[in-house]
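Basis for what follows: all heavy atoms, side chains included, without hydrogens, waters or symmetry-related copies.
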Amino acid sequence: MKSPTAHMNCGTNAGYYRHYRRHERACEWCRDAHNESARQRRRQRQVSVDAHLFAAVYLDTTPARQVEVEAALGRAAIDRLVERFDRAAR
């Protein structure tokens with residue numbers, strides 16, 4: 001891999017991909033910009049829902065829908081949410 005070369009758009013996500021296309025190691029500025037861009041994309045994909053509310057909705061839905069949710073989130077995550085719901089209901 002080549003050493004990084006400074007470009008006009010260094011410090012941006014586009015600069016990171018410019019290094020990548022030129023088979024260069026990205027400079028620190030471009031790596032930082034690329035990492036921040038990735039963090040923003042992850043934040044945009046995330047949805048925050050109250051665990052108690054989610055468990056209540058999950059338990060109130062059809063078994064077929066529960067299977068879909070379990071496939072998407074994993075059985076262990078669902079079990080933890082339902083357990084928290086049960087503890088709060090006591």
Side-chain angles (χ1 to χ4, degrees):
M1 183 156 290
K2 299 177 192 173
S3 295
T5 306
H7 302 287
M8 291 285 292
N9 59 351
C10 274
T12 66
N13 196 39
Y16 174 87
Y17 283 107
R18 183 174 181 165
H19 289 295
Y20 179 80
R21 285 189 308 274
R22 292 173 174 233
H23 303 283
E24 299 173 346
R25 188 170 21 105
C27 67
E28 184 178 350
W29 295 335
C30 289
R31 277 193 318 270
D32 290 346
H34 179 69
N35 289 338
E36 179 58 31
S37 177
R39 279 191 291 275
Q40 287 177 359
R41 282 192 307 277
R42 281 191 301 274
R43 274 188 234 117
Q44 289 172 352
R45 287 192 313 248
Q46 292 176 347
V47 175
S48 181
V49 178
D50 178 69
H52 186 79
L53 173 63
F54 180 83
V57 171
Y58 169 80
L59 292 170
D60 204 33
T61 193
T62 65
R65 182 68 68 192
Q66 288 178 345
V67 169
E68 289 179 38
V69 173
E70 290 166 8
L73 299 178
R75 182 65 199 189
I78 297 299
D79 287 344
R80 286 192 306 271
L81 289 168
V82 171
E83 186 178 305
R84 285 179 69 183
F85 178 80
D86 288 343
R87 277 197 312 257
R90 291 183 202 151

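A salt bridge links E36 with R43: the distance from a Lys NZ or Arg NE/NH1/NH2 to an Asp or Glu carboxylate oxygen falls below 4.0 Å.
Not counting sequence neighbours, Y20 has no partner by the ring-ring contact (aromatic ring centres under 6.0 Å, His included) test.
Taking the six-membered ring where the residue is Trp, H34 and Y16 present parallel rings, their angle staying beneath 30° rather than reaching 60°.
Pairing each heavy atom of C30 with each of G11, the nearest pair is SG-N, 3.3 Å.
Here the NE2-SG distance, from H19 to C10, works out to 3.5 Å after rounding to the nearest 0.5 Å. Interatomic distance, R31 CZ to R25 CZ, rounded to the nearest 0.5 Å: 7.5 Å.
The closest side-chain heavy-atom distance from R80 to R84 is not below 4.5 Å.
Residue pairs meeting the ring pair (Phe, Tyr, Trp, His ring centres under 6.0 Å) criterion with at least one partner in residues 66-90, sequence neighbours excluded, are H52-F85.
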Can you give the donor-acceptor pairs under 3.5 Å from side chains of residues 54-64 to other protein atoms, not counting sequence neighbours?
{"residue": "Y58", "atom": "OH", "partner": "E70", "partner atom": "OE2", "Å": "2.3"}
{"residue": "T62", "atom": "OG1", "partner": "R65", "partner atom": "N", "Å": "3.2"}

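Under the 4.5 Å side-chain contact rule for hydrophobic residues, L81 and V49 share a cluster.
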